[in-house]
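Only one structure is covered here, and it is reproduced in the block below.
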Amino acid sequence: MISILILTKNEEQDLPGCLESVSWSDDIHVFDSYSEDQTIAIAEKAGAVVTQRIFDGYASQRNASLQSVNFKYPWIFILDADERIPNELISVLLEKTKNAKENTDGFRIRRRDYLGNTWLKYSQISPFYVRLIRKGKAKYHREINEVLLVEGEVEEINGYFDHYPFSKGYVHWLDKHNTYSTMEAKRWCDEQINGEKFSLKKAIFNKDFSDMRYHQKGIFYKLPGRPLIKWFYMIIIRRAFLDGSAGFTYATLQSIYEYFIVLKSKELLNKKKN
């Protein structure tokens with residue numbers, strides 16, 4: 001069997017669906033950042049074990065959940081409330097963990113992002129995520145777009161889990177990404193000041209997907225006209241147009257997010273220079 005970890009903050013809307021998708025596990029934990037809605041009541045009614053901690057950062061909160069929760073099983077699947085494990089993936093997860101090699105400490109799984117009822121099959125930029133880990137063998141770093149570092153080998157699982165980032169509407173998505181863009185801008189400025197180096201070789205050939213994405217983003221941030229480049233990359237190169245109007249909408253929103261980062265980065269650098 002597999003333990004389930006769900007991180008929450010005011011998730012009364014999405015949590016019921018998430019809990020239903022993992023009801024096959026008898027060890028479900030909700031790690032909550034002191035929600036002010038019905039999140040706790042919903043979790044307890046579903047039989048989940050609730051732990052609360054004051055939120056002090058994305059990576060630190062996730063690390064605290066991995067370190068402080070008393071998981072029943074050696075394998076943990078990590079979810080956000082707007083994510084789901086479809087029925088067809090359950091048997092695959094159980095089989096993989098049952099027969100996992102001794103030096104395998106994590107599994108990378110593809111995620112399907114949805115806008116409404118449309119799977120953003122072509123628009124989605126990062127489809128692979130490490131979410132199934134061996135207890136005590138993984139740790140998060142970076143406060144924005146956190147990366148999960150696994151001690152041993154990471155294998156890939158065929159199959160998908162589902163994500164509904166627009167379940168609370170466009171306003172919520174934009175508000176959240178306004179916060180993310182502030183954090184990304186600060187991170188980028190700190191890297192510039194500290195002389196962080198990014199490798200084109202690692203951005204193309206790195207076998208570690210998370211590290212490859214890190215170097216890709218570092219190089220991408222140095223390019224002029226990033227918002228437009230990102231839009232054309234998503235629409236033309238990744239063929240987001242095949243996702244229909246949802247693909248065009250998502251590409252435009254991602255370009256707006258990129259523009260937020262550009263504006264905030266310039267503002268931060270000017271402040272530091274002055």
Side-chain angles (χ1 to χ4, degrees), residues 4-22 30 32-33 35-39 42-43 55 58 61-62 77-89 109-131 143-146 159-185 213 217 226-228 230-264:
I4 304 294
L5 172 63
I6 307 170
L7 290 100
T8 59
K9 171 67 174 181
N10 295 334
E11 293 289 359
E12 64 180 8
Q13 176 182 309
D14 289 333
L15 186 59
C18 182
L19 288 168
E20 183 179 354
S21 77
V22 296
V30 170
D32 183 73
S33 300
S35 292
E36 298 166 344
D37 60 3
Q38 295 301 305
T39 295
I42 292 169
F55 181 86
Y58 291 101
Q61 192 76 351
R62 290 182 179 277
F77 199 105
I78 305 166
L79 286 167
D80 290 330
D82 59 358
E83 296 172 335
R84 311 283 184 269
I85 297 180
N87 289 333
E88 60 268 23
L89 184 61
I109 309 167
R110 286 174 290 182
R111 190 178 75 180
R112 290 182 293 208
D113 286 358
Y114 284 84
L115 199 165
N117 294 321
T118 302
W119 171 24
L120 300 169
K121 183 177 181 179
Y122 299 94
S123 313
Q124 189 174 348
I125 295 174
S126 301
F128 291 95
Y129 294 84
V130 178
R131 290 302 187 87
E143 279 304 316
I144 178 67
N145 293 325
E146 321 83 71
Y160 300 88
F161 70 105
D162 297 329
H163 180 218
Y164 299 89
F166 296 95
S167 60
K168 298 184 182 70
Y170 292 116
V171 172
H172 179 267
W173 190 94
L174 286 166
D175 284 344
K176 184 169 65 174
H177 282 74
N178 185 36
T179 299
Y180 289 168
S181 63
T182 300
M183 297 175 71
E184 282 281 14
R213 288 285 298 143
K217 182 171 288 189
R226 287 202 330 263
L228 284 176
K230 189 168 189 177
W231 193 88
F232 281 106
Y233 167 74
M234 292 181 67
I235 294 295
I236 305 301
I237 305 300
R238 296 197 65 86
R239 299 179 296 164
F241 67 89
L242 293 176
D243 292 327
S245 61
F248 281 97
T249 298
Y250 188 63
T252 302
L253 287 170
Q254 284 291 338
S255 299
I256 291 170
Y257 170 56
E258 204 65 48
Y259 192 47
F260 285 172
I261 299 172
V262 170
L263 292 176
K264 293 177 182 181

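Atom CD of Glu12 is surrounded by more than 12 heavy atoms from other residues, nucleotides or ligands within 6.0 Å. Summarising the local packing, NZ of Lys9 is surrounded by more than 12 heavy atoms from other residues, nucleotides or ligands at distances under 6.0 Å. Within a 6.0 Å radius of OH in Tyr259, no more than 12 heavy atoms belonging to other residues, nucleotides or ligands are found.
Between Ile235 and Ala251, the shortest heavy-atom distance links the atoms CD1-CB, 3.7 Å. Arg226 and Val262 make their closest contact through NH2-CG2, 3.5 Å (heavy atoms, listed as atom of the first residue, atom of the second, distance). When all heavy atoms of Gly159 and Leu89 are compared, the closest pair comes out as CA-CD1, 4.2 Å. Nearest heavy atom pair, residue Leu79 against residue Cys18, reads CD1-SG, 4.0 Å. Shortest non-hydrogen contact noted between Asp32 and Thr8 is OD1-OG1, 2.7 Å. When all heavy atoms of Thr118 and Asp243 are compared, the pair lying nearest together is CG2-O, 3.8 Å.
Relative to the six-membered ring of Tyr180, Lys176 misses at least one condition, a distance below 6.0 Å or an angle of at most 45° to the axis.
Relative orientation of the Phe77 and Phe161 rings is perpendicular, given thresholds of 30° and 60° on the angle between their planes.
Here the CZ atom belonging to Arg84 is positioned 8.5 Å from the CD atom belonging to Glu20, to the nearest 0.5 angstrom. Once rounded to the nearest 0.5 Å, the distance linking OG of Ser35 with CZ of Phe55 reads 12.0 Å. Here the CG-CD distance, from Asn10 to Glu36, works out to 5.5 Å after rounding to the nearest 0.5 Å. Summarising the geometry, atom CG belonging to Leu263 is positioned 11.0 Å from atom OG1 belonging to Thr182; distances are rounded to the nearest 0.5 Å. Atoms OH and CG, on Tyr250 and Leu120 in that order, are 6.5 Å from each other to the nearest 0.5 Å. Atom CZ in Phe248 sits 7.5 Å away from atom CZ in Phe241 (nearest 0.5 Å).
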Dump the intermediate steps for side chain to side chain contact (heavy atoms under 4.5 Å, CB included) on Ile78 and Leu7, then the final yes or no. CA-CA 8 Å; Ile78 305 166; Leu7 290 100; 4.0 Å; yes
From CA spacing to verdict: side chain to side chain contact (heavy atoms under 4.5 Å, CB included), His177, Leu253: CA-CA 10 Å; His177 282 74; Leu253 287 170; over 6 Å; no
Using the rule given for side chain to side chain contact (heavy atoms under 4.5 Å, CB included), can you reason through Asp80 versus Arg131, listing the C-alpha separation, both sets of side-chain angles and the distance that settles it, and then say yes or no? CA-CA 10 Å; Asp80 290 330; Arg131 290 302 187 87; 4.3 Å; yes
Test side chain to side chain contact (heavy atoms under 4.5 Å, CB included) on Trp231 and Thr252; report intermediate values, then the result. CA-CA 6 Å; Trp231 193 88; Thr252 302; 3.2 Å; yes
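The backbone N or O of Pro227 lies less than 3.5 Å from a partner atom in the side chain of Ser255, making a donor-acceptor pair. At least one donor-acceptor pair under 3.5 Å links the side chain of Gln124 to the backbone N or O of Asp113. Looking at Arg112, its side chain never comes within 3.5 Å of a backbone N or O of Asp162 through a donor-acceptor pair. Panel note: side chain Ser181, backbone Tyr257; no donor-acceptor pair is recorded below 3.5 Å. Not one N or O on the side chain of Lys168 forms a donor-acceptor pair closer than 3.5 Å with the backbone of Glu11. A donor-acceptor pair under 3.5 Å links the side-chain atoms of Ser167 to the main chain of Tyr164, judged by distance alone.
With sequence neighbours left out, His163 forms a ring pair (Phe, Tyr, Trp, His ring centres under 6.0 Å) with no residue at all. Taking Tyr233 as the reference, Arg238 meet the side chain to side chain donor-acceptor pair (under 3.5 Å) condition, with sequence neighbours excluded.
Side-chain contact check for Tyr114 versus Asp82: every heavy-atom pair is 4.5 Å or farther apart.
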